[in-house]
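Structure first, commentary second.
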Amino acid sequence: MSLDPWRNRARRAVVSRLREGLRANGDAPHYVICGSDPLAYRVVMELSQSYEARITVIVPSRRRPEGPDIADVKGIHLIRADRLDEDTFRRAGLAGADGLALLHQNDVGNIHAALCAQDVEPSVRLVIRMFTPRLAEGVKRLFVDCEVMSDSAMAAPAFVAAALGEPAPTDFQHAGRNFYVARRSEVRPDSVVCGLADTRERNNPRVLPADQSRADLVLAEVRGQQAGTVIAARRIVQKRRRRRPFAVLFRGLRWFVSRKLGIATIAVLLVSTTFGALLARSQGLSPWQALYSTLLTTITGSDVDLEESLGVQLIQIVLTLAGLALVPLITAVVVDAIVNARLALNAGRLRMPRENHIVVVGVGNVGTRIIRQLYELGIEVVAIDKDPAARGAPVARQLGIPLIIGDASQEAVLRAASVGTCQALVVVSTDDVSNLQAALNGRSIRPDVRVVMRLFDGDLAYRIQKAFNIGTSRSVSYLAAPAFVAALMNRDVIATIPVDRHVLLVSEMVVARGSLLDGVTVEEASRPGEVRVIALAKFGEPRPIWTPSGAFRVGGGDRLTVVARRSGLGWMLKRAMEQPTEPSPDGS
């Protein structure tokens, strides 16, 4: 009988600890990182700040002008090379290294580098960044110890949830149970496993507070509830279906017909209607006779009748003149609508205005994932990108999503996407300055629009949120880096939970006998604001105890499931393996 995924994770954790035990005392693990973009920078920072490791980073000879400079990170060995071949990996000391992370945004290039690395060190742990899912599945079968990951796939759900006004979109399975992140007010009290964060103070969430009752964002067990993103998407779809068809038709006509032509046509129709009514009243006609007489008089002109009164003759003259103006105006309106429609299609603009849709700016790796997920939720999407050959352009055409080719930092482009009537504006290009400009222009068009913005720099994001009241920003590299680091170190991270710009990790670890955690209580093993034990499985027991009492003792061989920040997880893992320091004979 095959082991379930939970038992497999426990076995991998034990094997990982055994491997660490074989390493010589004091010999820090060696990891080689290849890449120079924000994700590579975050991974290097994670390793250098939270774990004891020797880090070698291979970067291109020419540094990219945008983004952080990995060379500024202290304590790393930097190698500059334009090709990831066997010679480069030997110079980096890959032989005998514990792990290799290939983080370039080039699927084929990463595969070639992995094959070269295998010739240098066949047993090295490989973590490969890859965008294409089908290619990723094939690559995993090529190598013995390999993890293929996509930072865009990890980050996209957080952007989607933020666009819908929902908390973290995390849901996962562990030890035979299903869990998800929700607001405390939306779940039953007996479903709550752990308080995650107090988010009531704007732009300053308090993660893993000491008093769990103050946490309004919780980790709960699924008991028949649907994910918040699904419920929010359903509300938007239902709202869209209730739209009045005549209002939609009117907005469509207003979109395609120029304002001056519309005003002129309406003015002539008002004159015709008014004088038609006067003609019907003077001659005592029925409603049908009045309509019949007015239309024929306006379109074909009236026959000369000298015996009619002066008032009737004047009305007939006005209607005839109105008819002379109406026919060319109608022709102009039709031609104008056809020309505008053709220009809109050629330029990639909307065929007609939308409402309650979501505008996504930037259809690169992350934007492509976002528009696909929104489409699968049944939400109308409008995409914007200045590059007609962007990665997401074929996906948008395949899904029938309007793609506007233009610079979203220009207000006219945002208006063409109907930002004034959208549900949310999601700005995820790779340029922080352009993202900020697009967000501010969106706010100028509609001050209350929900803006979700991609920003790398955490301090800049905080100041922008505070200064411009842009409530939500996310960093793709910040969301994905902890999972890449965990995979590189062969740690078992069950799930990642984004909370604003913080990331919480759900992880399982085995407590080594005689370690600093052996014999302590659950309360002593936890640290408010950093790490919290949510489950404990005694050695030899198949199932864990959920939300164990703080007085419960931890023993060697026990498995702990924790929710932790990155620094807290590093602290916990170290205590789970490190032996107490024995005092010297002189008592020091």
Side-chain angles (χ1 to χ4, degrees), residues 12-37 39-63 70-71 73-130 136 138-149 481 483-493 570 573-574 577:
R12 289 198 304 269
V14 172
V15 172
S16 177
R17 298 297 178 265
L18 289 174
R19 287 177 178 173
E20 290 183 359
L22 296 175
R23 185 179 292 121
N25 187 28
D27 184 16
H30 180 210
Y31 299 108
V32 179
I33 314 297
C34 302
S36 60
D37 67 351
L39 176 62
Y41 179 85
R42 291 286 190 196
V43 168
V44 171
M45 291 294 292
E46 291 263 342
L47 284 171
S48 62
Q49 293 179 356
S50 302
Y51 305 96
E52 294 180 1
R54 293 185 295 121
I55 305 170
T56 300
V57 185
I58 304 175
V59 299
S61 300
R62 293 184 180 181
R63 177 180 173 268
I70 292 182
V73 181
K74 297 180 180 179
I76 66 171
H77 179 212
L78 191 71
I79 293 178
R80 298 190 180 276
D82 292 324
R83 284 182 56 82
L84 295 178
D85 52 20
E86 294 182 35
D87 291 337
T88 302
F89 286 130
R90 288 193 177 94
R91 281 199 296 135
L94 184 63
D98 294 83
L100 168 65
L102 301 170
L103 304 180
H104 288 292
Q105 293 189 23
N106 183 337
D107 289 359
V108 177
N110 285 341
I111 294 173
H112 178 260
L115 293 171
C116 293
Q118 286 286 286
D119 290 337
V120 177
E121 178 54 78
S123 62
V124 71
R125 167 76 170 171
L126 283 173
V127 176
I128 305 176
R129 178 189 195 179
M130 196 158 291
V139 168
K140 290 184 71 172
R141 292 192 290 266
L142 286 176
F143 306 102
V144 177
D145 190 8
C146 175
E147 189 70 37
V148 180
M149 309 176 73
F484 275 83
V485 172
L488 184 63
M489 301 179 71
N490 207 12
R491 304 296 189 190
D492 192 11
V493 172
L573 288 169
K574 185 176 180 180
M577 291 300 302

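Just so it is clear, the model here is predicted, and its values are computed rather than measured.
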>> Give me the atom names and distance for the closest heavy-atom approach of I128 to A114.
In response: CD1-CB, 3.8 Å
> Between F89 and A113, which heavy-atom pair has the shortest distance, and what is it?
Replying inline: CE1-O, 3.3 Å
>> Any non-hydrogen side-chain atom of E147 less than 4.5 Å from a side-chain atom of R125?
In response: yes
> Any ion pair linking R90 and E86 (charged N to carboxylate O, less than 4.0 Å)?
Replying inline: yes
>> Less than 4.5 Å apart, side chain to side chain, heavy atoms only: is that true for M489 and L47?
In response: yes
> With no hydrogens and no angle check, is any side-chain donor or acceptor of D98 less than 3.5 Å from a backbone partner on Y31?
Replying inline: no
> Between atom CZ of R129 and atom CZ of F484, what is the distance when rounded to the nearest 0.5 Å?
Replying inline: 6.5 Å
> What are the two closest non-hydrogen atoms of V148 and C146, and how far apart are they?
Replying inline: CG2-SG, 3.9 Å
> Pick one: which of L78, I76, L103 meets side-chain contact (heavy atoms from CB on, under 4.5 Å) with V44?
Replying inline: I76
> What's the spacing between L142 CG and K140 NZ if we round to 0.5 Å?
Replying inline: 12.0 Å
> For the atom pair CE (M45) and NZ (K74), what is the distance rounded to the nearest 0.5 Å?
Replying inline: 10.5 Å
>> Quick one: does any side-chain atom of T56 pair with a main-chain N or O of V32 as donor and acceptor, under 3.5 Å?
In response: no
> For L488 and A101, which heavy atoms make the closest approach, and how far apart are they?
Replying inline: CD1-N, 4.0 Å
> What is the minimum heavy-atom distance between I55 and S48, and which atoms define it?
Replying inline: CD1-N, 3.6 Å
> Which value, rounded to the nearest 0.5 Å, describes the distance between R80 atom CZ and R91 atom CZ?
Replying inline: 11.5 Å
>> So does D82 get a backbone contact from the side chain of R62, meaning a donor-acceptor N/O pair under 3.5 Å?
In response: no
>> In the structure I gave you, are the side-chain heavy atoms of L84 and H104 within less than 4.5 Å of one another anywhere?
In response: yes
>> Which residues pass the side-chain contact (heavy atoms from CB on, under 4.5 Å) test with E121, not counting sequence neighbours?
In response: L94, A95, S123, V124
>> Quick check for you: to the nearest 0.5 Å, what is the distance between D145 atom CG and L100 atom CG?
In response: 11.5 Å
> Looking at CG of N110 and CG of L115, how far apart are the two atoms once the value is rounded to the nearest 0.5 Å?
Replying inline: 11.0 Å
>> For a side chain to side chain contact (heavy atoms under 4.5 Å, CB included) check, start with the C-alpha distance between L126 and Q118, then their side-chain angles and the critical distance, and finish with the verdict.
In response: CA-CA 9 Å; L126 283 173; Q118 286 286 286; 3.6 Å; yes
> For I70 and G35, which heavy atoms make the closest approach, and how far apart are they?
Replying inline: CD1-O, 3.4 Å
